[in-house]
Protein chains: 2
Amino acid sequence: MVWVGSTYAGNFKMNISQAAKFTGLTSKTIRFYEEKGIIPKARRADNGYRFYTEDQLETLGFIKRARGLGFSLDECKKLLDLQHNPDRASAEVKEKVQENLARVQSQIEHLEDIKSSLMKMSKSCPGNKGHECPILDELCHGGHTEVLQ
Amino acid sequence: MVWVGSTYAGNFKMNISQAAKFTGLTSKTIRFYEEKGIIPKARRADNGYRFYTEDQLETLGFIKRARGLGFSLDECKKLLDLQHNPDRASAEVKEKVQENLARVQSQIEHLEDIKSSLMKMSKSCPGNKGHECPILDELCHGGHTEVLQ
DNA sequence: CCTTGACCTTACTCTAACTGGAAGGATTAA
DNA sequence: TTAATCCTTCCAGTTAGAGTAAGGTCAAGG
């Protein structure tokens, strides 16, 4: 068998920790993806160890990048399915991206609301050794800087 | 016993679903907070039902509002402890708020990075019936719009 | 040949903050 | 009486892994 770095006959195999290092995932995470059916079951060497070829590494990298863009594992799976489907339309992919974009945008807006409430609170509080605290007062009795859920 | 709305002798009692309606929580959530030790165990009526007095309702409202501002349950507990501690300094409370603010801010920044990557991707894709898809290409092979973790 | 350390395997538990459901008892209205 | 709606407890599931334990494998050094 040919391992890392070598390019014998254009193919190579990595064991799980090498694949982890290569993709930026952890061994645990790779096994977890397999168990959850996000990726197909890895092939095994004679000793029972998993090994990964170029294609599998590409798939793992795909997931790593999609996760980094805020896609759920479920969505990663759907994106992978589109990637492996030659009859896909780019519109389907774009739609997933835009759904995600909308969700990210609404999370940002929610956090911005929270941020402005927290800033108001922070400004209202002397932040000294005294016991009086407008922050606690507001948390206790409610106020108009409250964030609507 | 005097129930909702009534103010007999300045005290009243609510059962769990009334307390839930009043605070905007759910009965399940209130029980959960009790089980987790975020709030003290509720007193029980003769039939075993929990009931809540004005003070308890205030505490529940406190948590509801603090949660809405992005504090974890653990932090809510700490804020409640400060609220019940007459020797607190407002500086301690303000510190919690500022920690939370910093976390919220960094979440916003992370999401903004993701958002801009997603927008670039979306623009690069024709979004038609064709199979060619720059989004999938980038997820597959990595690109410079990648979000650094 | 033996040991040591670094791998690999599976299987189990834990996290946050709930939500949903099942099974059984209590209360209330018709 | 009966039905609907409460209440109780307990158990399982959610997301995306991380942590730990017990045991098998492998390569290097003495």
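Quick note on labels: first sequence line is chain A, next is B, and so on, each numbered from 1.
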Side chains of R88(B) and N85(B) only: does a donor on one sit below 3.5 Å from an acceptor on the other?
no
Between [N] and [X], is there an OP1 or OP2 to side-chain N/O distance shorter than 4.0 Å?
X: S17(A); N: dC8(C); answer: yes
X: T29(A); N: dA16(D); answer: no
X: Y49(A); N: dG24(D); answer: no
X: R50(B); N: dT9(D); answer: yes

Which of the following nucleotides, dT8(D), dT9(C), dG17(D), is nearest to the side chain of Y33(A)?
dG17(D)
Rounding to a whole Å, what distance do you find between F32(A):CZ and dT9(C):P?
17 Å
K115(B) bridged to E109(B) by N-O distance under 4.0 Å:
no
Would you mind reporting whether Q56(B) and T53(B) have side-chain heavy atoms less than 4.5 Å apart?
yes
Tell me whether the side-chain N or O atoms of K36(A) pair up with the base of dG17(D) as donor and acceptor below 3.5 Å, since no angle test is needed here.
no
Taking atom OH of Y52(A) and atom OG1 of T59(A), what is their separation to the nearest 0.5 Å?
11.0 Å
Tell me which of F71(A) and I16(B) sits closer to the 5' end of DNA chain D, going by the nucleotide each one is nearest to.
I16(B)
